[in-house]
Structure formats: C-alpha cells, structure tokens
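This structure is a prediction, so every number in the text was calculated from the model and none was measured. The first residue in the sequence is number 1, and the count goes up from there.
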Amino acid sequence: MAAPLEFWFDFASTYSHVGALRIEEECRAAGVPLVWKPFLLGPLFTAQLGIKDSPFNVNPVRGKYMWRDLERLCAKHGLPWRRPTVFPRNSILAARVACAGEGQPWLGDFIRGVFRANFAEDRDISDPSMLSKLLKGLGVDPEPVLAQAVTAENKARLRANTEQAEALGIFGAPNCVVRGELFFGQDRIGDAIAWALADERA
C-alpha cells in the first residue's frame with residue numbers, strides 16, 4: 001500500500017498556491033493518501049532567519065524572480081493567478097479553520113478556495129466574513145466551524161503543527177513529507193508521490 005503523503009503549506013505562501021491546487025488530484029490519480037498539514041511560516045522565518053517578513057520581500061531580487069516564476073508556473077499548469085496587492089497576507093485564521101476541518105470532506109475544497117481567494121482574486125483571507133462565505137459556498141454552516149477555529153484547543157493544534165514543521169527541518173513551503181522524508185517545493189510533488197508508492201526504504 002502507498003504511504004500517506006503529508007502536504008505542509010501556509011496560505012500566505014505563493015508556491016503553496018501552485019502545490020495546493022495540484023496535490024489532491026495527483027495523489028488521487030496515483031492512489032496515494034493525502035494528509036493536509038497547515039502551519040505558519042512566520043515563526044520559522046523569525047527563528048531561522050531572524051526576519052519578520054517574507055524572504056521575498058527582504059530580498060527584492062529574489063522576490064522579482066518569484067513573481068515572474070509564479071506567472072509561468074500557473075500558466076504551465078492552467079491555474080488561476082493574480083498577483084495580490086498585499087503580500088504576505090495574514091493566514092492565521094484560515095490556517096485555524098483548516099485545522100478545525102481536519103478529516104472533513106470539504107477540507108480540500110476549502111483549502112483550494114482560500115488559495116484562489118488570495119492568489120487569484122486578491123481577497124483578504126484574514127477576513128472572517130470572506131471565510132464564512134467560502135464555507136457557505138461549500139455547503140458548510142460557517143458559524144460552528146469559525147467558532148471551533150478560535151478555541152484554545154484548535155489554536156494549540158496549529159501551534160503544534162508549526163512546531164512539528166520546524167522539528168521536521170521545514171524552512172519554507174510547500175513541503176511533502178513521506179515516511180519522514182522531506183520533499184521541498186511544489187516541483188517535488190512527483191518525487192514525493194513516487195516515494196510513497198515505492199517499497200519502504202531502510
């Protein structure tokens with residue numbers, strides 16, 4: 001049987017946008033179980049790099065390349081794309097909702113919807129009313145979900161995910177993790193799926 005593939009992402013991450021819109025379909029086609037793992041990049045950047053912003057903003061040359069690269073990647077994969085007017089956007093509430101939706105059948109659609117809102121529709125993903133409308137559009141009653149998202153237990157779940165990401169050696173997003181093996185970047189999804197399908201390695 002294929003090993004589960006954990007997809008570690010941050011809703012504020014540009015390359016996570018590309019990966020998140022592709023990963024579920026590719027895993028389903030390959031017969032690989034997918035586990036969504038929302039976390040926050042901000043604490044990792046502060047701890048690892050000593051910065052409180054995206055490295056793409058701190059290094060404008062790198063940032064300029066990234067924006068053009070995203071245009072090419074989205075065109076290549078037929079994905080919606082519009083450069084957001086705010087970057088990075090606050091992703092905490094959306095990530096908490098994703099944690100609260102763990103195991104729910106609507107989770108994948110919600111995650112893709114948030115990424116489209118941020119990186120194709122230039123909408124504020126930190127706005128509870130925006131997230132509420134997205135959930136309603138998926139046929140989900142938003143009030144109990146948003147209430148659960150901000151409970152102490154669920155907030156702790158997102159913190160634990162972020163701490164686990166750091167322990168795994170994650171330093172950016174997105175990442176695929178299979179049997180503890182780390183595959184960094186949306187361009188490594190195929191490699192991660194192949195690893196999940198291969199016999200377990202010593």
Would you say CD of Glu102 has more than 12 non-hydrogen atoms from neighbouring residues, nucleotides or ligands within 6.0 angstrom?
no
Around atom CD of Glu25, are there more than 12 heavy atoms from other residues, nucleotides or ligands closer than 6.0 Å?
no
Mark yes or no for whether [X], through its side chain, and [Y], through its backbone, hold a donor-acceptor pair below 3.5 Å.
X      : Y      : value
Asn161 : Pro38  : yes
Thr162 : Leu158 : yes
Asp10  : Leu41  : yes
Asp122 : Thr85  : yes
Asn175 : Ile170 : no

One thing to verify: whether [Y] and [X] come together as a salt bridge, which I'm taking to mean a side-chain N less than 4.0 angstrom from a carboxylate O.
X      : Y      : answer
Arg83  : Glu71  : no
Arg159 : Glu163 : no
Asp127 : Arg89  : no

Report yes if the side chains of [X] and [Y] come closer than 4.5 Å at any heavy-atom pair, otherwise no.
X      : Y      : answer
Trp81  : His17  : yes
Arg116 : Leu21  : yes
Phe7   : Glu24  : no
Asn154 : Val150 : no
Ile189 : Arg22  : yes
Pro4   : Val178 : no
Ile23  : Cys176 : yes

Nearest heavy-atom neighbours spanning [X] and [Y]:
X      : Y      : value
Pro33  : Ala2   : CD-O, 3.9 Å
Leu93  : Pro128 : CD2-CG, 3.8 Å
Glu166 : Ala47  : OE2-CB, 3.8 Å
Arg96  : Ala149 : CB-O, 3.5 Å
Leu134 : Gly113 : CD2-C, 3.8 Å
Pro80  : Ala120 : CB-CB, 3.6 Å

Are Lys64 and Phe56 close enough, and set up right, to give a side-chain contact (heavy atoms from CB on, under 4.5 Å), and what steps lead you there?
CA-CA 8 Å; Lys64 180 180 179 181; Phe56 295 122; over 6 Å; no
Parallel under 30°, tilted from 30 to 60°, perpendicular over 60°: which one fits the rings of [X] and [Y]?
X      : Y      : result
Trp8   : Phe39  : perpendicular
Phe9   : Phe11  : perpendicular
Phe119 : Phe115 : parallel
Phe87  : Trp67  : perpendicular

Determine, using ring centers only, whether Phe184 and Phe171 are less than 6.0 Å apart.
yes
Once you round to the nearest 0.5 Å, how far does [atom1] of [X] lie from [atom2] of [Y]?
X     : Y      : atom1 : atom2 : answer
Arg62 : Ser54  : CZ    : OG    : 7.5 Å
Leu79 : Leu73  : CG    : CG    : 8.5 Å
Thr46 : Asp53  : OG1   : CG    : 10.0 Å
Leu70 : Gln186 : CG    : CD    : 8.5 Å
Lys37 : Leu5   : NZ    : CG    : 12.0 Å
Leu40 : Ser13  : CG    : OG    : 12.0 Å

Does [X] belong to the same Ile/Leu/Val/Met/Phe/Trp/Tyr cluster as [Y], with side-chain heavy atoms less than 4.5 Å apart forming each link?
X      : Y      : value
Ile111 : Met130 : yes
Leu138 : Leu34  : yes
Leu146 : Val114 : yes
Trp36  : Leu168 : no
Leu197 : Phe183 : yes

Set of side-chain hydrogen bond (donor to acceptor under 3.5 Å, both in side chains) partners for Asp187, sequence neighbours left out
none
Test side-chain contact (heavy atoms from CB on, under 4.5 Å) applied to Ile193 and Glu26, step by step
CA-CA 8 Å; Ile193 288 174; Glu26 295 189 22; 3.9 Å; yes
Run Arg179 and Glu181 through salt bridge (charged side-chain N to carboxylate O under 4.0 Å, His left out) and show every step you take.
CA-CA 5 Å; Arg179 299 193 188 99; Glu181 197 79 15; over 6 Å; no
